[in-house]
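The structure appears right after this line, and notes come after that.
Ligands are counted one by one from 1 in listed order, and the atoms in each one are counted from 1 as well. Just so it is clear, the structure is predicted and the values come from calculations on it, not from any experiment.
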Amino acid sequence: MESLKERILRDGRCFPGGILKVDSFINHQMDPILMKSIAVEFVRRFASEDINKVITIEASGIAPAIMVGYLLELPVVFAKKKKPSTMQNMLVTKVYSFTKDNTYDVCVSRDFLCKGDRVLFIDDFLANGNAAKGMIDLAAQAGAEIAGMGFIIEKAFQHGGDMLRSLGMRVESLAIIESLDNCEIKIR
Ligand code: 5GP
C-alpha cells in the first residue's frame, strides 16, 4: 500500500532493538483518513473470505479493526489484556511481548468468540508473531476458525510472518519492513 509506505518513510522513527515508532499516525495520535484507507485495503484483500467477525487485541489493534468491521458491517471483538472482574466464561492465553519484555494474559469471553465463528484477525504490527499465536490459541479453544490475519506493518526480519504462513495461515501485511538496521527504514 503505497500511501502507507510513504507515510512510514516520512513519519516513522527507528528505535534500537528493531522497534519502529509510528505513534504520530497509527498508535498514539491516529490519522483517521489513513486508517480508513488501510481498512479499505484489508477489505479488498480479504474479499473472497467468508468472515462473520473481526477480532483484535487491545489497544492498538482496535482502531484498524473497527474501521474494517464498519466497512464489512460485522461485529468487532477485542481481546483484553486484563481480566475484567465481571467477565466469566472466558478463554485465556499467554502472550510474550518483546517490546515490553514480559508475558501477559490475553482473554476473551466465550460469548464473543464461539464455535463456528470465522474471524479476521487485525493488528497494527506483526513482529515475532506471539500475539498472533495467542489469537490462534484462543480461536482453537473456542472452536472458531481464523479466516485470515491482516497487519498494517510486518517486520520481515523478525519472521513471525514466515511462522504464520508455514502454519498455512493467510497473512496480508500492508507494508513489509525488510530492515531497520542502522536506524534506516528499508521497506520491501
Ligand atoms: P509480535 O507478537 O508479533 O512479536 O509483536 C506484535 C505486537 O507487538 C504488536 O501488537 C505491537 O503492539 C507490538 N510491536 C511489535 N513490534 C513493534 C514495533 O516495532 N513498534 C511498535 N510500536 N509496536 C510493536
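- Only side-chain heavy atoms of Asp124 come within less than 4.0 Å of ligand 1; its backbone N, CA, C and O stay farther off.
- In this structure, Leu113 and Ala142 approach most closely via the heavy-atom pair O-CB, 3.3 Å.
- Among all protein heavy atoms, the one lying closest to atom 16 (N) of ligand 1 is Lys155 NZ, 2.9 Å.
- Of the protein's non-hydrogen atoms, Asn128 N, 2.9 Å is the one closest to atom 4 (O) of ligand 1.
- Residue-level proximity to ligand 1 for Thr99 is carried by the side chain, the only part with a heavy atom below 4.0 angstrom.
- The distance criterion of under 3.5 Å between nitrogen or oxygen atoms is not met by Phe98 with respect to ligand 1.
- At least one N or O atom of Leu20 sits closer than 3.5 Å to an N or O atom of ligand 1.
- Of all heavy-atom pairs between Gly148 and Leu120, the closest is O-CD1, 3.4 Å.
- Remark: Asn89 CG is packed, more than 12 non-hydrogen atoms of other residues, nucleotides or ligands lying under 6.0 Å away.
- Taking a cut-off of under 4.0 Å to the non-hydrogen atoms of Ile19, the atoms of ligand 1 that pass are 18 (C), 19 (O), 20 (N).
- Within ligand 1, the atoms closer than 4.0 Å to a non-hydrogen atom of Asn130 are 1 (P), 2 (O), 3 (O), 4 (O), numbered from 1 in the order shown.
- Counting non-hydrogen atoms of neighbouring residues, nucleotides and ligands closer than 6.0 angstrom, the NZ atom of Lys5 exceeds 12 such neighbours.
- With a 4.0 Å heavy-atom cut-off, ligand 1 is reached by the side chain of Asn27 but not by its N, CA, C or O.
- Atom 10 (O) of ligand 1 has as its closest protein heavy atom Asp123 OD2, 3.0 Å.
- Across every non-hydrogen atom of Leu74 and Asn52, the tightest pair is CD2-O, 3.7 Å.
- Heavy atoms from other residues, nucleotides or ligands lying under 6.0 Å from CD1 of Ile66 number 12 at most.
- In this structure, atom 2 (O) of ligand 1 lies nearest to the protein heavy atom Ala131 N, 2.8 Å.
- Checked against a 3.5 angstrom limit, the closest N/O atoms of Leu126 and ligand 1 fall outside it.
- Not a single heavy atom of Ala132 sits under 4.0 Å from any atom of ligand 1.
- Atoms of ligand 1 found under 4.0 Å from any heavy atom of Ala127 (numbered from 1 in listed order, with element): 1 (P), 3 (O), 4 (O), 5 (O), 15 (C), 16 (N).
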Task: Steps toward side-chain contact (heavy atoms from CB on, under 4.5 Å) verdict (Lys81, Ile57) - done: CA-CA 8 Å; Lys81 288 184 177 167; Ile57 299 182; 3.8 Å; yes
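- Residue Lys155 comes nearest to Ile19 through the heavy atom pair NZ-CA, 4.2 Å, listed as atom of the first residue, atom of the second, then distance.
- Geometrically, ligand 1 and Gln158 share no nitrogen or oxygen pair separated by less than 3.5 Å.
- For Lys82, the NZ atom is loosely surrounded, since the number of other residues' heavy atoms within 6.0 Å does not exceed 12.
- Here the shortest heavy-atom distance to atom 23 (N) of ligand 1, taken over Tyr96, Phe125, Phe151, belongs to Phe125.
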Task: CA sep, side-chain torsions, deciding dist, call: Lys94, Tyr104, side-chain contact (heavy atoms from CB on, under 4.5 Å) - done: CA-CA 6 Å; Lys94 290 206 181 294; Tyr104 56 93; over 6 Å; no
